[in-house]
Amino acid sequence: MVLSSADKNNVKGVFAKIGGQAEAYGAETLERDVMFAAYPQTKTYFPHFDLGKGSAQVKGHGKKVAAALVEAANNIDDIAGTLSKLSDLHAQKLRVDPVNFKLLGQCFLVVVASHNPAVLTPEVHASLDKFLCAVGNVLTAKYR
Amino acid sequence: MVHWSAEEKQLISSVWGKVNVEECGAEALARLLIVYPWTQRFFSDFGNLSSPTAITGNPKVRAHGKKVLTSFGEAIKNLDNIKGTFSKLSELHCEKLHVDPENFRLLGDILVIVLASHFGRDFTPACQFAWQKLVGVVAHALARKYH
């Protein structure tokens, strides 16, 4: 799965429109993913978190996730290099099962769709989905 | 049997009550074909699917999207027996249509995104939870008779 230049432009466009809201989107993504997911498995990665409604820990972690996505979008020609340290972390320490990146991606798309439906045209939706897949692939690339 | 809380049932029906089945269905199917182009393999007789614009405007896509989402509505009318409701459709998708059940999961996720884009802030996390559960149950029911 390769990001075309149209994909890259679409992704950069999304993050440009989201702008300073990225952190808030990240927080909401994680709320939807971890706290409300139809897949309780995501909670297993946060036994040390307060997962109650409005959890500051979940919000804080969501912001971190969003910051990484922004960084990847800003360096979209070299996602692997940009996220290399995060890739190491996920492989050696966090070892989040790869399926969960898809769930997170789904929640991020839902957040973008609900806040910014005009931005998420079918073409942009496709590009953003590809981008999120690419990020997930990079983060799991060193798993074995 | 799947258990639905009163809140989940309420969240599902209140969203569904406001859904334009024709528009949402058309949009969901179009996005499936655009975001996951390999799904076009099932629609070789649908005519022009050569670009997102072509897909979105394709009358066969629109009609089929409406058909699919109308059928989805049957699940909502029969939340306590989704398995039974889709038993024959499951056989059909296996024996005649030869659709990999993974596609039901893909379409379900796309439907959730389409609903989010239509309902905005009203598509709360609790709402998403209920609908992700529903699309998962529907996908499971449609795959159940595969052999």
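By convention in this document, chain letters (A, B, ...) are assigned in the order of the sequence lines, proteins followed by strands, and residues within each chain are numbered from 1.
The local environment of NE2 in B:His64 is crowded, with over 12 non-hydrogen atoms from other residues, nucleotides or ligands closer than 6.0 Å. Within a 6.0 Å sphere centred on NZ of B:Lys67, heavy atoms belonging to other residues, nucleotides or ligands number 12 at most. Atom NZ of B:Lys66 sits in a sparse spot, with 12 or fewer heavy atoms from other residues, nucleotides or ligands closer than 6.0 Å. Counted within 6.0 Å of CD on B:Glu7, heavy atoms from surrounding residues, nucleotides or ligands total 12 or fewer; the atom is thus considered open. B:Arg144 CZ: 12 or fewer foreign heavy atoms inside a 6.0 Å radius. Within a 6.0 Å radius of NZ in A:Lys64, other residues, nucleotides and ligands contribute 12 heavy atoms or fewer.
Note that the OG atom of A:Ser114 and the NE2 atom of B:His118 stand 12.5 Å from one another [nearest 0.5 Å]. Here the CG atom belonging to B:Leu106 is positioned 10.0 Å from the CD atom belonging to A:Gln106, to the nearest 0.5 angstrom. In this structure, A:Glu123 CD and B:Ile34 CD1 are separated by 6.0 Å, a value rounded to the nearest 0.5 Å. Rounding to the nearest 0.5 Å gives a distance of 7.0 Å between CZ of B:Phe123 and CZ of A:Arg32. Taken to the nearest 0.5 Å, the CD atom of B:Gln128 stands 9.0 Å off from the CD atom of A:Glu28.
The two atoms that bring A:Leu120 and B:Arg31 nearest to each other are O-NH2, 2.7 Å, heavy atoms only. Closest of all the heavy-atom pairs between A:Pro117 and B:Ser117 is CB-O, 3.3 Å. Minimum heavy-atom separation, B:Val35 to A:Pro122: CG2-O, 4.2 Å.
Residue A:Leu104 is grouped with residue A:Tyr45 when hydrophobic side chains (ILVMFWY) are merged at heavy-atom distances under 4.5 angstrom, including chains of intermediate members. A continuous path of hydrophobic side-chain contacts links B:Leu97 to B:Leu107 [ILVMFWY only; heavy atoms under 4.5 Å].
Heavy-atom distances place the backbone of A:Thr121, and not its side chain, under 4.5 Å from chain B. At a 4.5 Å heavy-atom cutoff, the contact between A:His125 and chain B is made by backbone and side-chain atoms alike.
Of the options B:Ile110, B:Ile113, B:Val112, a side-chain contact (heavy atoms from CB on, under 4.5 Å) to A:Leu109 is made by B:Ile113 and by none of the others.
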